[in-house]
Amino acid sequence: MKIQRANLETCGTETDFVVVIDVLRAFTTAAVAFANGASEIILVSTVDELFNLSKTYPGSLLIGEVNGIPIEGVDYGNSPSALINVDLSGRRLIQRTTAGTQGVLRSSNARYLLAASLCCLDATVYYINQVQPSSLTLVESGVFEGGWGDEDRACADMIEAHLLKKEVRCGEILDRVAKSKSGEKYFDWEDRIFPREDLVIASTIDCYDFVMKVTIESGIHFLRPVK
Ligand SMILES: O=C(O)[C@H](CS(=O)(=O)O)OP(=O)(O)O
């Protein structure tokens, strides 16, 4: 299996197996939503799409942010701690985020498309090993100029190490997440936009046993948990 890396600028050309990684916070939030019973999440790129699709799919919960700030009028921001105690049984969500959902929408040419974070790392590795693609692309969605995104690169490094059966030190991975430029925003327990609890949840490796699989139906990107 050839393993390569991509970012939001380069992921669009990938056609085989693509895993879009967003640790802080899109796919940690999505994982918590599924763990709490959500049936599916529609991933969108723009705020307009979020509100337009809420009319096509009435009853959906809206979650999302722009540059980390919750969008006015949504039910929840892009925050795993905001959902951690919410019963979402059978609910459909629609999610818009600055990096993670963009990565999935830009990776629409992929034959297999997963979203991932540290929370469902082992399940993701297991799934990739079952499929055994000839080419795997790990999209580090948070990587931008200026040193951003090491939390996603750390997660990609861990997935790759598991696939190659190389040793990996969880402590070092979690240290990189906490010390990443994004991670440093989650310092204060009382912060309402970037609460420290989000970092704690995002750092809980393998707490869920499902992968998050994207299927594109009539041009709409549905994310669903698969065990
Ligand atoms: O809300 C978030 O955690 C981020 C905002 S930003 O990319 O750090 O500006 O979005 P995400 O798509 O979850 O990385």
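This is a predicted model, so every value here is computed, not measured. Counting begins at 1 with the first residue of the sequence. As the structure lists them, so they are numbered: ligands from 1, and atoms in each ligand from 1.
In this structure, Phe17 and Tyr112 have parallel ring planes: the angle between them is below the 30° cut-off, well short of the 60° mark.
In terms of protein heavy-atom proximity, atom 7 (O) of ligand 1 is closest to Thr98 CB, 3.5 Å. Protein heavy atom in closest approach to atom 1 (O) of ligand 1: Arg25 NH2, 3.0 Å. Looking at atom 9 (O) of ligand 1, its nearest protein heavy atom turns out to be Asn67 CA, 3.4 Å.
The proximity of Asp22 to ligand 1, defined as any non-hydrogen pair under 4.0 Å, is limited to the side chain. With a 4.0 Å cut-off on non-hydrogen atoms, Glu65 touches ligand 1 through its side chain and not its backbone. Only the side chain of Lys185 comes within 4.0 Å of ligand 1, counting heavy atoms alone; its backbone N, CA, C and O stay farther away. Contact annotation: for Thr29 versus ligand 1, there are no heavy atoms closer than 4.0 Å.
Here the shortest heavy-atom pairing between Ser203 and Val177 reads OG-CG1, 4.1 Å.
A salt bridge links Arg5 with Glu140: at least one charged nitrogen is closer than 4.0 Å to a carboxylate oxygen. Between Glu160 and Lys2 there is no salt bridge, since no side-chain N of the basic residue sits under 4.0 Å from a carboxylate O of the acidic one. Residues Lys181 and Asp150 are not paired through a salt bridge, judged by the lack of any N-O separation under 4.0 Å between the basic side chain and the carboxylate. Under a 4.0 Å N-O distance rule, the pair Arg176/Asp157 qualifies as a salt bridge.
In this model, a donor atom of one side chain and an acceptor atom of the other lie less than 3.5 Å apart for Asp198 and Ser81.
Distances below 4.0 Å separate heavy atoms of Ala99 from the following atoms of ligand 1: 11 (P), 12 (O), 14 (O). Here is the list of ligand 1 atoms found below 4.0 Å of a heavy atom in Gly100: 12 (O). Which parts of ligand 1 touch Leu24 is read off a 4.0 Å heavy-atom cut-off, strictly below it: atoms 3 (O), 11 (P), 13 (O), 14 (O). Atom numbering of ligand 1 starts at 1 in the shown order; those under 4.0 Å from a heavy atom of Tyr186 are 3 (O).
Here atom 5 (C) of ligand 1 lies nearest to Gly68 when heavy atoms of Gly142, Ala26, Gly68 are compared.
For Gln102, the closest heavy-atom approach to ligand 1 does not fall below 4.0 Å.
Polar contact check, Thr101 against ligand 1: no nitrogen or oxygen pair lies under 3.5 Å apart. Considering backbone and side-chain atoms alike, Asn78 places an N or O below 3.5 Å from some N or O of ligand 1.
Ser45 pairs in a side chain to side chain donor-acceptor pair (under 3.5 Å) with only one of the listed residues (His221, Gln102, Arg106), which is Gln102. The only member of Thr137, Asp16, Thr10 that meets side chain to side chain donor-acceptor pair (under 3.5 Å) when paired with Gln4 is Thr137.
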Inset, instruction - May I have the step-by-step check of side-chain contact (heavy atoms from CB on, under 4.5 Å) for Leu24 and Tyr186, ending in yes or no? - result: CA-CA 10 Å; Leu24 290 169; Tyr186 300 85; 4.1 Å; yes

